[in-house]
Amino acid sequence: MKKIVLDLHDIFNKGNEIERALEGALEEAGRIHARMLEIIPGKGTGQLKKRVLKFLERNKSLFDRVEKPPDNWGKIIVRFKT
C-alpha cells in the first residue's frame, strides 16, 4: 500500500508553510496514487490539528475520508478512493 507521511512538527508555527505542506502532500498522494496520507500535527494544544482539519474540510473533494485514531490523537489519517 502506498502511503505518504507528513510530519508538521518542524513547521508548526510557520503559517503559510503549513498550508503549502498540506497541499504538496495531497498533490503527491494523487500523483503516486497513494491510498493513505498520514499527517502528524503532534499533540500540543490541539490548535495545529484543528487547522489541519479545517484545511481538509475545504479540500474534501480530493480524498475519500478522514480518520482520527482514538489511540493516537496526534495523528490524522486521510484515505483516498481506490
Side-chain angles (χ1 to χ4, degrees):
M1 167 174 59
K2 292 181 185 176
K3 167 177 131 175
I4 295 176
V5 177
L6 175 61
D7 188 342
L8 296 174
H9 283 98
D10 292 339
I11 59 171
F12 75 95
N13 63 349
K14 295 191 176 152
N16 292 338
E17 285 188 40
I18 295 166
E19 302 257 332
R20 283 194 295 272
L22 290 166
E23 288 168 357
L26 287 173
E27 288 173 8
E28 177 70 6
R31 189 181 68 72
I32 68 166
H33 304 287
R35 298 192 66 204
M36 183 172 85
L37 168 60
E38 182 177 311
I39 304 170
I40 304 170
K43 295 181 181 179
T45 64
Q47 293 304 308
L48 181 53
K49 184 174 183 177
K50 287 178 186 174
R51 184 173 181 170
V52 170
L53 291 170
K54 283 181 183 178
F55 173 87
L56 292 172
E57 179 63 27
R58 290 191 311 269
N59 293 280
K60 61 185 173 185
S61 65
L62 302 175
F63 53 86
D64 187 38
R65 69 182 186 274
V66 173
E67 300 171 4
K68 298 172 272 183
D71 60 331
N72 186 344
W73 56 276
K75 181 187 333 186
I76 299 169
I77 305 292
V78 178
R79 303 255 183 210
F80 298 94
K81 295 176 184 171
T82 55

Atom pair [atom1]/[atom2] of [X] and [Y] - distance to nearest 0.5 Å:
| X | Y | atom1 | atom2 | answer |
| --- | --- | --- | --- | --- |
| D10 | I18 | CG | CD1 | 11.5 Å |
| H33 | K2 | NE2 | NZ | 6.5 Å |
| E38 | I77 | CD | CD1 | 4.5 Å |
| M36 | K3 | CE | NZ | 4.0 Å |
| F55 | I39 | CZ | CD1 | 8.0 Å |
| K81 | D64 | NZ | CG | 6.0 Å |

Report, one line per pair, each donor and acceptor closer than 3.5 Å where one atom sits in a side chain of residues 19-26; sequence neighbours left out.
residue	atom	partner	partner atom	Å
E19	OE1	R58	NH2	3.1
E19	OE2	R58	NH2	3.2

I need the minimum non-hydrogen distance between [X] and [Y], along with the two atoms involved.
| X | Y | answer |
| --- | --- | --- |
| F80 | A29 | CZ-CB, 3.5 Å |
| K75 | K49 | O-NZ, 4.3 Å |
| E28 | I4 | CG-CD1, 3.4 Å |
| G74 | P41 | O-CD, 3.2 Å |

According to a hydrophobic-cluster definition based on side-chain heavy atoms being under 4.5 Å apart (Ile, Leu, Val, Met, Phe, Trp, Tyr only), do V78 and I32 belong together? yes
Indicate, with yes or no, if I40 and F63 share a hydrophobic cluster defined by side-chain heavy-atom contacts under 4.5 Å among Ile, Leu, Val, Met, Phe, Trp and Tyr.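 F63 does not cluster with I40.
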Is K54 salt-bridged to E57, cutoff N-O under 4.0 Å?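 No.
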